[in-house]
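Following: one structure in structure tokens, then a few remarks.
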Amino acid sequence: MRISSADVIVTAPGRNYVTLKITTEDGVTGLGDATLNGREMAVVSYLRDHVCPLLIGRDAGRINDIWQYLYRGAYWRRGPVTMTAIAAVDCALWDILGKETGKPVYQLLGGAARDGVMIYGHASGGNIDELLEDVQRYRDAGYRAIRVQAAVPGLDSTYGLHHPGSGRTYEPADAAMPTDNVWDTPAYLDFAPTMMAAVRERFGYDFHLLHDVHHRLSPLEAAQLGKSLEPYRMFWIEDPTPAEDQTAFRTIRQHTTTPIAVGEVFNTIWDCQHLITERLIDYIRTSVSHTGGITHLRKVFDLASLYGVRSGSHGAGDLSPVSFASALHLDMTVPNFGIQEYMGHLDPASEVFRTNYEFRDGYMHPGDAPGLGIEIDEEAAAKYPYSPKYLPVNRLRDGAMHDW
Ligand code: GCO
Ligand code: MG
């Protein structure tokens, strides 16, 4: 099982994706997602120039050793670019091991701890009526958990909504230069409880309700938000404050019982350590493709399990179907699983990526094909060339840059 080649495929079926394909001397291939939204080519170079050449000739079955070799051997550790590159290698090697042994990856990880993976869908609207219509769609489709976002009245644009007039396109990274959005915290804090009240009033309490704050508040504002949402029994509020300021979460915790989810911008167990061990959060949202792959994310979830923190991995559309398949295999096996985000992918993505996962009754199953159960059609991929695309940035009314 020696590695004979490692190739990076860059394609844009609906949005930009970077995929690593590792091939062994026996012709077995494995895939890993290496997409870092808005900074894609940094990971492409990291892989092509510095990682792929180091893989040739190595035993593809020594997944732990290759992980350590890339992490410790680089001297420069952590960070999104490094950890996304290592993740892609790691997932591709698990994929190869599954294909070699004829087993789905979740079996290799010790087997299923559940029958399916609860996912949450994304409902949104330009106003509350549109949001309620969208929530109805997810209810009709059988979702047991729904994230809700709606345009904040008085603001020209609100991040995290379906793009008006573009069908189901979500959070499109569609600009050659980032556009400026304008943000107003008091307007948002007034609006958020109204939105949740409308959703609970219409649909009741027999489904999980989630909301993403996109790192925009101060600790006390976040505490106020958490308190104001307590009557609506949130499953979580996500990223209430910028995640790197970890003691901020102590303040939020002291004031509200609304559960908190954090971690989509984290890359290693070290980034999560204090939030977990000090029980400052309820869900850890690190993703398989930005946190060193299955091998490393498993350690994060194991640490979290000691402290009653559950998993809730990031699964936005800017993580490719390869990432989503990898996440599902791990989700099947962790005892402290909480929920998995599922934003879905735009239509052309299914031309390029053949998937095996299946949605049934609010749960997703990774399927029983050997490995990750995902293939890439490189001819189709070549039809969708890459060009740089950016999400918007966020400014306050006075023009100052703000978090998003
Ligand atoms: C989420 C995330 C996304 C991010 C995106 C950035 O919860 O799904 O916040 O909305 O904005 O993944 O690349
Ligand atoms: Mg988020």
Side-chain angles (χ1 to χ4, degrees), residues 12 14-18 33-43 80-81 83-84 87 119-124 138 143 145-151 157-163 168-175 178-179 181 183 188 192 208-217 222 225 234-244 249 259-267 271-272 275 281-291 311-324 327 338-346 349 388-394 402-404:
R15 65 189 307 161
N16 290 323
Y17 295 118
V18 178
D33 179 27
T35 310
L36 189 60
N37 192 17
R39 297 293 183 270
E40 296 87 3
M41 298 313 276
V43 186
V81 176
M83 298 311 289
T84 301
I119 54 166
Y120 68 88
H122 286 232
S124 69
Y138 283 94
Y143 280 73
I146 304 171
R147 184 184 108 163
V148 300
Q149 313 287 135
S157 56
T158 304
Y159 180 70
L161 309 181
H162 295 294
H163 203 239
R168 305 304 302 164
T169 308
Y170 185 79
E171 284 186 2
D174 57 359
T179 47
N181 283 356
W183 176 250
Y188 166 74
H208 298 301
L209 186 57
L210 298 83
H211 178 65
D212 193 346
V213 189
H214 289 291
H215 324 265
R216 291 176 178 194
L217 303 179
L225 175 72
M234 304 301 293
F235 186 89
W236 76 34
I237 53 170
E238 174 184 335
D239 289 333
T241 54
E244 64 270 31
F249 291 87
I260 297 164
V262 171
E264 64 181 54
V265 301
F266 291 164
N267 316 116
D271 304 328
C272 318
L275 288 179
I281 57 171
D282 301 280
Y283 296 90
I284 183 70
R285 274 185 47 74
T286 39
S287 77
V288 71
S289 54
H290 295 151
T291 317
S311 71
S313 283
H314 187 205
D318 53 90
L319 292 91
S320 87
V322 179
S323 173
F324 189 64
I339 202 166
Q340 169 67 51
E341 179 178 13
Y342 178 59
M343 197 184 279
H345 300 93
L346 298 173
K389 291 280 191 302
Y390 295 98
L391 292 171
V393 297
N394 207 21
H402 193 55
D403 303 295
W404 67 271

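Only this structure's heavy atoms are used, side chains among them; waters, hydrogens and symmetry mates stay out. Atoms within a ligand are numbered from 1 in the order they appear, just like the ligands themselves.
Using cut-offs of 30° and 60° for the angle between ring planes, the W183 and Y188 rings count as tilted.
Listed by atom number, the atoms of ligand 1 under 4.0 Å from D318 heavy atoms are 5 (C), 6 (C), 12 (O), 13 (O). For ligand 1, the atoms closer than 4.0 angstrom to any heavy atom of N37 are 6 (C), 13 (O). Taking every heavy atom of H214 and a limit of under 4.0 angstrom, the matching atoms of ligand 1 come to 9 (O), 10 (O), 11 (O). Of all atoms in ligand 1, listed by their number and element, those nearer than 4.0 Å to a heavy atom of E238 are 1 (C), 7 (O), 9 (O). The ligand atoms of ligand 1 that sit less than 4.0 angstrom from a heavy atom of M343 are 8 (O). Atoms of ligand 1 lying under 4.0 Å from at least one heavy atom of H314, given by number and element, are 1 (C), 2 (C), 3 (C), 8 (O), 12 (O). Each of the atoms 1 (C), 7 (O), 8 (O) of ligand 1 lies under 4.0 Å from some heavy atom of R147.
Inspection of the environment of the Mg ion (ligand 2) yields the following protein N, O or S atoms under 2.8 Å: D212 OD2, E238 OE2, E264 OE1.
By the 3.5 Å distance cut-off applied to N or O atoms, R285 is counted among the residues near ligand 1. Between D212 and ligand 1, at least one pair of N/O atoms sits closer than 3.5 Å.
Judged by distance alone, the side chains of N267 and T291 never bring a donor and an acceptor atom under 3.5 Å apart. For the 3.5 Å distance criterion, the side chains of S289 and S323 qualify, holding a donor opposite an acceptor.
Applying the side-chain contact (heavy atoms from CB on, under 4.5 Å) criterion to S313, with sequence neighbours excluded, gives L297, F301, Q340. Legend: residues meeting ring pair (Phe, Tyr, Trp, His ring centres under 6.0 Å) with F266, ordered by chain and number and at least two apart, are absent. In terms of the ring pair (Phe, Tyr, Trp, His ring centres under 6.0 Å) criterion, residue partners of Y283 (sequence neighbours excluded) are, by chain and number, F235, W236.
Under the 4.5 Å side-chain criterion, counting only non-hydrogen atoms from C-beta, I146 is not in contact with H208.
Salt bridge annotation for E341-R285: present, with a cationic side-chain nitrogen under 4.0 angstrom from a carboxylate oxygen.
Here CD of E244 is found 10.5 Å from CG of D271. Values are rounded to the nearest 0.5 Å.
A distance-only check finds a donor-acceptor pair linking the side chain of S320 to the backbone of V322 [under 3.5 Å].
For the pair L391 and ligand 1, a heavy-atom separation below 4.0 Å is found.
A centroid separation of less than 6.0 Å is found between the aromatic rings of Y342 and F324.
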